[in-house]
Amino acid sequence: MPGRLLAILALLPWLATAVLGGAWPRAEGEGFLAASGTVEGPDEFGLYSQSFSLFAEYGATERLTLGVDLGGDAGRMSKAIAFLRWPLGRSERQLRVALEVGAGQVDQEAALRPAFSVGRGISIGEHHGWLNADTRAILFDGGTTAYETDLTAGLSLGARVKGIVQLQAGAPARGRDYLRLAPSVVYEARPGTQIELGLTEPLTGGGERGFKIGLWRTF
């Protein structure tokens, strides 16, 4: 695994224990859906690229969450993963840990995707939020492996507004390692419906700045 990704992974225990609160499995009988589109560019030729994502999960039981993670662009589906996730340890613990196992296709190749998540809630004055770390390994049928890590901090800025900052790191099976910063603002348009507006800024590994718009639904 490249040194840059190892450095990020080494931060996880500190990030998880630096604040108080709790992280979350999806409640039994509750569903969540997030759909988004991103436009990136212009590149060196003045062109823009578009991509989409669809993420959905459902609380099958108190301790088992089922979900799908889809992504692609106008030309192809780059990711189609079905997964199940379950928490480790007691539900009353401040530090929450979960394991996830997914399977499907990534870059048109069959793949398994085990993942590990750790998180805690945060409180800053009267504002509440969360801090979470997700690490995934993508095990391709051909024998290669890719790694992804997302570090996410979110904070309620008001009764209907949340601010989110995410650091995204990856070591693809093919291509350059990358590091991206992705801040966004989420606004509750009505109960159960939220709108996300965000940016993606490449820090290393190339790529172009992007603008993201998304819709979240809880049901």
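All values derive from a computational prediction rather than experimental measurement. Nothing fancy with the numbering, it's 1 onward along the sequence.
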Do [X] and [Y] come within less than 4.5 Å of each other through their side chains, counting heavy atoms only?
| X | Y | answer |
| --- | --- | --- |
| Leu54 | Leu33 | yes |
| Val101 | Leu99 | no |
| Ser184 | Leu197 | no |
| Thr204 | Asp177 | no |
| Trp130 | Thr152 | yes |

- Message: What verdict does the side-chain contact (heavy atoms from CB on, under 4.5 Å) test give for Thr135 and Tyr147, after you've listed the backbone C-alpha separation in whole Å, the side-chain angles of each residue and the deciding distance to 0.1 Å?
- Response: CA-CA 8 Å; Thr135 299; Tyr147 301 95; over 6 Å; no
- Report the C-alpha distance between Arg120 and Leu131 in whole Å, list the side-chain angles of each, state the deciding distance to 0.1 Å, and finish with yes or no for side-chain contact (heavy atoms from CB on, under 4.5 Å). CA-CA 6 Å; Arg120 299 183 75 161; Leu131 189 64; 5.8 Å; no
Taking all atoms of both residues into account, what is the closest heavy-atom pair of [X] and [Y], and its distance?
| X | Y | value |
| --- | --- | --- |
| Phe45 | Asp43 | N-OD1, 2.9 Å |
| Asn132 | Gly119 | OD1-CA, 3.6 Å |
| Ala169 | Asp150 | N-OD1, 4.5 Å |
| Gly104 | Ile81 | N-CD1, 3.7 Å |
| Gln168 | Ala182 | NE2-CB, 3.8 Å |
| Tyr178 | Glu148 | OH-CG, 4.0 Å |

Do [X] and [Y] share a hydrophobic cluster (ILVMFWY, side-chain heavy atoms under 4.5 Å, transitive)?
| X | Y | value |
| --- | --- | --- |
| Met77 | Phe140 | no |
| Leu66 | Leu70 | no |
| Leu88 | Leu95 | yes |
| Val39 | Leu199 | no |
| Phe32 | Ile195 | no |

Can you tell me how far the [atom1] atom of [X] sits from the [atom2] atom of [Y], to the nearest 0.5 Å?
| X | Y | atom1 | atom2 | result |
| --- | --- | --- | --- | --- |
| Ser123 | Leu155 | OG | CG | 9.0 Å |
| Glu28 | Glu62 | CD | CD | 7.0 Å |
| Glu30 | Tyr58 | CD | OH | 10.0 Å |
| Arg209 | Leu181 | CZ | CG | 10.5 Å |
| Arg96 | Arg90 | CZ | CZ | 11.0 Å |
| His127 | Ile122 | NE2 | CD1 | 11.0 Å |

Keeping the roles fixed (side chain from [X], backbone from [Y]), state whether a donor-acceptor pair exists under 3.5 Å.
| X | Y | answer |
| --- | --- | --- |
| Arg136 | Ala115 | no |
| Ser156 | His128 | no |
| Asp107 | Glu109 | no |
| Arg160 | Ala189 | yes |

- Got more than 12 heavy atoms from elsewhere within 6.0 Å of CZ, Arg190? no
- Is the count of non-hydrogen atoms from other residues, nucleotides or ligands lying under 6.0 Å from Lys79 atom NZ greater than 12?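 Above 12, so yes.
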- Mind jotting down which residue pairs meet the ring pair (Phe, Tyr, Trp, His ring centres under 6.0 Å) criterion with at least one end in residues 74-109? Sequence neighbours excluded, please. Phe55-Phe83
- Is it true that the side chains of Asp134 and Ser117 contain a donor and an acceptor less than 3.5 Å apart?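 A donor-acceptor contact under 3.5 Å links the two side chains.
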- Item | Polar contact flag, side-chain donor to acceptor under 3.5 angstrom, Glu57-Thr65 | no
- Any chance you could lay out the salt bridge (charged side-chain N to carboxylate O under 4.0 Å, His left out) test for Arg113 and Glu100, step after step, and finish with the verdict? CA-CA 8 Å; Arg113 193 182 73 178; Glu100 179 180 301; 3.4 Å; yes
